[in-house]
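Accompanying notes for the structure given below.
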Amino acid sequence: MSDFNRSAPVEWGLRAYLLLTFAFVFAPIAASFVFSFNVDRFPSLPLGGFSLTWYQQVAADPLVWEGLRNTLIAGITVSVLATALGFGAAYTDFRYNFFGKSLYLALALLPPTIPVVILGLAMLAFLANIGLSGGIHSVIIAHVVMCAPFAMAIIRLRLSQMDASLEAAAWNLGASQWVAMRHVIIPFCRPAIFAALFITMAVSFDEFAVSWFVSGLNETLPVKVLGFLQGQVSPKINVIGTFVFLTSMTLVILAQILLMKRSTGGKAGQ
Amino acid sequence: MTSEPLVAFDRVGKRFGDFVAVEPMHLEIHKGEFLAIMGSSGCGKTTTLRMLAGLEAPTEGEIRLAGERINDLPTWQRDTPMVWQSLALFPFLTVRENVEFSLRMRGVGKAERRQRADKWLERMQITEFADRNVAHLSGGQRQRVALARSLVTEPEILLLDEPLSALDAHLKVRMQAVLSNLQRELGITFVYVTHSQSEAFSMADRVVIMSRGRIEQIGAPQEIYRSPRTRFVAEFLGSSNVFAGRVAEAAGGGIRVETPAGTFAAPLGELAAALRPGDDATFVVSDDRMQLSGSRPESGNALEATVLAEEFVGATAVVHLEGPGGEELRAQKSHDELARLTLSPGDKVWMSWGPEAGHVLPGG
């Protein structure tokens with residue numbers, strides 16, 4: 001690391017600052033993680049002792065399994081649909097110029113900027129009107145709307161790194177447009193497509209507010225957690241929190257790794 | 001040679017909205033020739049090539065390949081492979097997979113694909129890199145991969161869009177030799193688009209010079225160099241002295257043009273045949289036909305000019321001068337002769353040339 005013009009106190013100060021920032025962000029999550037293994041009924045210091053009872057209780061709770069099943073069904077379906085939609089939108093932007101393109105882009109990237117409570121209410125009203133509310137499919141529809149812009153942004157970034165003549169070169173070498181899509185565009189975008197799958201799954205997995213509005217009886221895990229909290233404060237929540245956090249982090253980190261090896265990718269890159 | 005050329009552009013034009021990229025043009029490309037299309041950026045040379053490749057559809061006229069109209073044939077159904085300026089190699093494939101690509105697209109079986117690709121890898125001397133990623137090759141090696149990838153289907157015609165522009169000067173010259181030899185050995189047609197005069201003139205059998213969507217001149221390099229047909233071509237080549245003026249006299253196989261720098265005589269060429277006294281005309285004389293001397297020569301065309309600078313160009317030097325009317329002039333001389341003349345900036349010197357060295361174009 002270069003150290004020109006840097007005094008030792010400033011250096012240490014900056015490191016401490018970074019450490020504090022991480023502590024600020026992760027302390028509550030770390031606390032939840034620690035207390036999930038604590039034998040005590042209420043989260044208090046000193047710790048009572050290591051135990052897996054809360055994990056056993058969570059594993060024995062059918063409501064948790066139902067919530068997890070809903071979350072997984074929604075997460076997987078949403079990631080596939082949102083990534084497909086996002087890819088289409090990103091490719092449209094890459095390939096075509098048309099009247100109103102900036103409006104198209106603005107609209108396509110808009111959903112994440114809408115406050116979730118408003119989006120949730122609107123979704124509930126809309127889905128109820130067309131008779132699609134209160135099911136796992138409602139969660140899926142709402143989450144696809146929320147997640148597709150993320151997928152689009154990720155894939156669009158990858159496409160912007162592509163030599164614009166690559167696709168035309170494939171056509172010129174005998175690939176029709178669909179064949180070129182399969183043999184050139186998709187392989188080129190593969191890391192971004194997987195990253196988009198993981199990110200959208202993570203977003204759907206975590207999402208609470210909109211799910212709460214539209215899920216009806218088919219609650220996802222985060223909605224279940226609120227249910228538990230309203231009933232009684234139980235360390236089971238720490239267990240579920242830890243699980244959801246680890247799952248989301250794994251997905252996000254996987255996506256990040258995929259996006260970092262951007263330059264060549266593929267099997268020949270090594 | 002057959003009556004029908006390999007490629008015929010028949011009144012082919014291309015517009016993008018109101019912008020005319022290529023004005024309706026006629027162009028014939030013969031089997032086995034090396035044709036260069038040259039011009040500065042935006043002159044329509046690349047659009048012309050892309051229309052031939054099927055990447056742009058002409059807005060008027062007809063393009064024929066071996067006598068067949070191909071206007072509506074999509075590029076993937078033509079066998080008109082192109083070498084791209086960016087090379088456009090597929091970064092997620094190995095060298096061999098890149099070369100095999102067009103065979104794979106045409107449904108050639110795995111074993112045959114590999115065998116044919118390997119033949120071209122060997123021919124282009126890149127066999128040792130076959131399993132590498134294209135990102136890990138040098139500029140010259142990538143160039144060879146691009147050539148092998150385009151030639152693997154053994155097409156009748158190869159299109160090249162400024163393929164050497166990214167290389168350094170030394171490698172450029174070597175790749176020019178590779179391309180020239182390849183074209184001669186294969187005997188197929190090369191259509192080579194470039195803005196570089198040295199690339200076009202050193203490799204091509206015929207050169208097409210384009211400007212603002214129009215063909216200015218088609219001819220062998222020597223022919224274009226010796227007798228540019230338009231003022232644009234004369235100035236574009238950069239090695240000519242150009243004087244704008246009026247016809248003073250046109251009779252008896254000779255023509256005299258009156259310009260601000262003097263009145264000059266030339267033989268009455270085919271281009272100037274229709275000129276009458278008083279018409280606008282341009283007088284052109286190539287810089288290697290210019291004589292320099294301290295005093296006015298007894299006969300021929302002459303004018304007195306001021307030396308501006310000398311430019312070293314290898315075996316010869318170019319003297320840049322300013323004419324009496326502010327014209328930018330040049331003379332190409334050997335170093336020996338310049339040593340005898342002992343010119344320095346600001347000196348007055350006589351420039352002269354025989355009537356047979358000049359030629360006259362219609363228009364100012």
Side-chain angles (χ1 to χ4, degrees), chain A residues 83 87 90-91 94-101 154-197 257-270, chain B residues 16-17 46 49-50 52-56 73-108 129-137 145-146 148-153 155 158-159 161-163 166:
Chain A
T83 302
F87 176 82
Y91 181 74
F94 167 78
R95 172 82 189 276
Y96 300 102
N97 271 313
F98 48 88
F99 176 75
K101 186 170 172 180
I154 292 168
I155 294 167
R156 196 162 159 253
L157 183 70
R158 178 67 182 164
L159 281 170
S160 73
Q161 295 162 358
M162 191 170 95
D163 174 357
S165 37
L166 219 55
E167 189 180 26
W171 300 336
N172 179 243
L173 292 167
S176 67
Q177 304 200 45
W178 285 109
V179 175
M181 170 71 78
R182 193 159 81 79
H183 285 276
V184 174
I185 304 290
I186 289 176
F188 187 87
C189 292
R190 188 167 288 139
I193 288 172
F194 278 107
L197 282 172
I257 290 171
L258 282 167
L259 289 177
M260 276 193 317
K261 36 179 254 184
R262 55 166 57 156
S263 61
T264 55
K267 59 196 161 190
Q270 279 81 46
Chain B
F16 297 98
T46 297
L49 193 75
R50 289 173 65 91
L52 180 49
L55 295 161
E56 304 281 1
L73 202 62
T75 182
W76 49 88
Q77 285 170 21
R78 304 182 188 189
D79 198 9
T80 50
M82 180 148 149
V83 179
W84 302 72
Q85 183 167 17
S86 67
L87 301 184
L89 299 176
F90 302 122
F92 42 85
L93 298 179
T94 63
V95 168
R96 183 185 280 115
E97 287 166 344
N98 263 281
V99 176
E100 282 182 355
F101 189 86
S102 59
L103 297 174
R104 202 162 130 218
M105 293 304 112
R106 286 172 168 80
V108 176
F129 312 114
D131 296 314
R132 279 211 213 157
N133 185 281
V134 289
H136 302 156
L137 302 185
V145 177
R149 185 179 73 170
S150 302
L151 289 166
V152 73
T153 55
L158 181 68
L159 313 180
D161 183 15
E162 309 216 25

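Because the structure is a prediction, the values reported are computed rather than measured. Reminder, nothing fancy here: chain letters follow the sequence lines and each chain counts from 1.
- Residue A:Ala170 touches chain B through both its backbone and its side chain, counting heavy-atom pairs closer than 4.5 Å.
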Checklist entry - side-chain hydrogen bond (donor to acceptor under 3.5 Å, both in side chains) between B:Ser86 and A:Ser165: does it pass, once the steps are laid out? => result CA-CA 8 Å; B:Ser86 67; A:Ser165 37; 3.0 Å; yes
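- By the ring pair (Phe, Tyr, Trp, His ring centres under 6.0 Å) test, A:Phe87 pairs with no residue at all, sequence neighbours left out.
- Counting non-hydrogen atoms of other residues, nucleotides and ligands closer than 6.0 Å to CZ of A:Phe194 gives a total of 12 or fewer.
- Neither the backbone nor the side chain of B:Pro74 comes within less than 4.5 Å of any heavy atom in chain A.
- Chosen from B:Arg104, B:Gln85, B:Arg78, the residue pairing most often with chain A at heavy-atom distances under 4.5 Å is B:Arg104.
- For chain B, no part of A:Glu167 is nearby; none of its heavy atoms comes within less than 4.5 Å.
- Under the 30°/60° scheme for interplanar angles, the aromatic rings of B:Phe90 and B:Phe101 are found to be tilted.
- For A:Phe99, the ring pair (Phe, Tyr, Trp, His ring centres under 6.0 Å) test picks out no residue, with sequence neighbours left out.
- The contact between B:Leu89 and chain A is made entirely by backbone atoms, counting heavy-atom distances below 4.5 Å.
- Of all the listed residues (A:Pro187, A:Ser176, A:Ala180), the one sharing the greatest number of non-hydrogen pairs under 4.5 Å with chain B is A:Ser176.
- Neither the backbone nor the side chain of B:Arg50 comes within contact range of chain A; no heavy atoms are under 4.5 Å apart.
- For the set A:Val184, A:Asp163, A:Asn172, the count of heavy-atom pairs under 4.5 angstrom toward chain B peaks at A:Asn172.
- Atom CZ of B:Arg106 sits in a crowded spot, with more than 12 heavy atoms from other residues, nucleotides or ligands closer than 6.0 Å.
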